There are 2 protein chains.
Amino acid sequence: MSVSYTDDPEGAVPEAGAAPSRRELNKQATRSAIAESAMKLVRSKGPGNFTADEVAADAGVSRRTFFNYFPSPESALAVHIEDFLDKVLPHFHARPAGEPLVESMLQALTALADPANLERTAELFELAEENPQMQRFQLEAWTHAERKVVAAIEERLDGEADALYVASLVGSVFASARAALSEWLQRTGGDLGPASLESLRQLLIDALGYLRNGFSS
Amino acid sequence: MSVSYTDDPEGAVPEAGAAPSRRELNKQATRSAIAESAMKLVRSKGPGNFTADEVAADAGVSRRTFFNYFPSPESALAVHIEDFLDKVLPHFHARPAGEPLVESMLQALTALADPANLERTAELFELAEENPQMQRFQLEAWTHAERKVVAAIEERLDGEADALYVASLVGSVFASARAALSEWLQRTGGDLGPASLESLRQLLIDALGYLRNGFSS
DNA sequence: TGCAAACTTGCACTTAGTGTAACTCGTATG
DNA sequence: CATACGAGTTACACTAAGTGCAAGTTTGCA
């Protein structure tokens, strides 16, 4: 049994460019079936009002299999956030190496502000307000993403990175991104139309602008 | 039964300046007895290797009473972080109203960098690295503190506050404070001597300096 | 003193989470 | 194609988290 949710360097993303085996496809199918069932149930029953049993049943797997993929019902939801935030990395890597870090991160983040990506994330972000469990797991997802970005920056700067500077920057960027997302949800209620999305991008630009130019100005 | 861990505006801090009743004293005593037992057990058995039963037994209360005070074994540890972070508020309120926000927050945070306050916090901060559960609850504690500071700022600015600016600032400040704490632990191993504490203060000054002046400089 | 409210406790119950062993299915090899 | 091996699934059993309820016990107050 090599199925595992925990940080397995070659578990969720096995050989990025290779032909996925049937086994791999099955595993991914099961994983997303569970994650989808979790979304479905949180919508119909509300956060904290569904059990691992129900998710497993809905996804057509045994309770034990559910726990082979996710350590808790909440994490089956948080995986949607993880997946969303994981998309930041390719965008970040695509930025020119000479570009200022804040600019690269702004571009990488605004690139995610499209309907397909945002739908679930915004929904879960709102749901987290009313359920501590979900909030904890989502915060963890953001922290995971932070760590990956820190690693990417350290790679890009190749030893020249000041640890405090990088950790402070990335932590602040993600905190500001959360603030922008929260403010956007408050203002627009999560409307995914073009005008609304443009306002989200503007909020991100404003928030990261504070980081770039300083909060004292 | 009015004992509760959850956000009860007059539960943990009942009538700030009044003479504490005997009931109140008993409750606080029970609360800290449990919290102390949790610290004791995490030290001897390691994070994630002790149960609510054990904590309750060590504190001399029933298992049920444990859960009347804390929703989980981890939260009995996180309360130490909460208490630590709660001390920021008085310091913040003591700052002159005209002072720039970043400066007020820097002063409020550096005021906490003394041995008595830091001992448990630093210890738990380190422990969280190896245990996801603890990490989640600690992140939650930081987020709680953030919310309180945001509320304090909105009160100070009295309606003139830009929600995005404030949320972004406070989130960034706390993220940077965590970065400074993490870097300090890495460098000094949590030594509580005067020289070490001075270096922590300097890390905080540096990190919040980025926020004040911008990360682009 | 005596009553009411606050606090504690034991009990019973649901759910989370995990180890283990049997079972099933994909894959590589002859 | 047969078949053997390893990956993934499942049932079962068990420990621990977390909660409602209905007692008991202590504290505050008239």
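Not measured: the values here are computed from a predicted model. By convention in this document, chain letters (A, B, ...) are assigned in the order of the sequence lines, proteins followed by strands, and residues within each chain are numbered from 1.
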F137(A) CZ to dG17(C) P, in whole Å, measures 6 Å
Per the under-4.0 Å heavy-atom filter, residues of residues 32-42 of chain B near DNA chain C come out as none
Specify the separation, in whole Å, of atom CG of N68(A) and atom P of dG19(C).
11 Å
Does the side chain of T30(A) get closer than 4.0 angstrom to OP1 or OP2 of dG8(D) through an N or O atom?
no
N68(A) and R64(A) side chains, donor-acceptor separation under 3.5 Å
yes
Contact nearer the 5' end of DNA chain D, comparing S72(B) with T65(A):
T65(A)
Walk me through it: do E24(B) and R31(B) pass the test salt bridge (charged side-chain N to carboxylate O under 4.0 Å, His left out)?
CA-CA 10 Å; E24(B) 200 51 47; R31(B) 183 183 187 74; over 6 Å; no
Are any side-chain N or O atoms of Q138(B) and backbone N or O atoms of A128(B), one a donor and one an acceptor, separated by less than 3.5 Å?
no
Whole angstroms only, please: what is the CG-C1' distance between L25(B) and dA6(C)?
15 Å
In this structure, how many angstroms lie between the P atom of dT19(D) and the CZ atom of F70(B), rounded?
14 Å
Please report the distance, rounded to the nearest Å, between CZ in R136(A) and C1' in dA16(C).
14 Å
For the backbone of A108(A) and the side chain of R95(A), can you confirm whether one donor and one acceptor N or O come within less than 3.5 Å of each other?
no
Quick tally for nucleotides 25-30 of chain C: nucleotides whose base has a protein heavy atom under 4.0 Å get B, sugar-phosphate-only ones S, the rest -, giving -BS---
Where the side chain of Y69(B) is defined as all heavy atoms beyond and including C-beta, which of dT19(D), dC12(D), dT8(C) is the nearest nucleotide?
dT8(C)
Looking at R201(B) and A113(B), would you say the former's side chain and the latter's main chain have a donor-acceptor pair under 3.5 Å?
yes
5' precedence on DNA chain C between R63(A) and V61(B) (nearest-nucleotide basis)
V61(B)
In whole angstroms, the gap separating C1' of dA16(D) from CZ of R64(B) amounts to 15 Å
Sub-3.5 Å donor-acceptor pair from the side chain of S32(A) to the main-chain atoms of A35(A), do we have one?
no
Distance-only, no hydrogens or angles: does the W142(B) side chain make a donor-acceptor pair with backbone N or O of A175(B) under 3.5 Å?
no
Does T143(B) use its side chain to pair, donor to acceptor, with the backbone of L139(B) at less than 3.5 Å?
yes
Just the rounded figure in Å: distance from P of dA5(C) to NZ of K27(B).
16 Å
Is S75(A) reaching over with its side chain to a backbone N or O of A78(A), donor-acceptor style, under 3.5 angstrom?
no
Residues within residues 50-59 of chain B bordering DNA chain D, heavy-atom distance below 4.0 Å
T51(B), A52(B)
For F66(B) and dC7(C), what is the distance between atoms CZ and C1' respectively, to the nearest whole Å?
17 Å
Assess whether side chain to side chain contact (heavy atoms under 4.5 Å, CB included) is satisfied between L112(B) and L118(B), documenting all intermediate values.
CA-CA 7 Å; L112(B) 299 189; L118(B) 268 178; over 6 Å; no
Side chain T30(B), main chain N26(B), donor-acceptor under 3.5 Å
yes
When you measure from the side chain of T188(B) to the backbone N and O of L185(B), does any donor-acceptor pair fall under 3.5 Å?
no
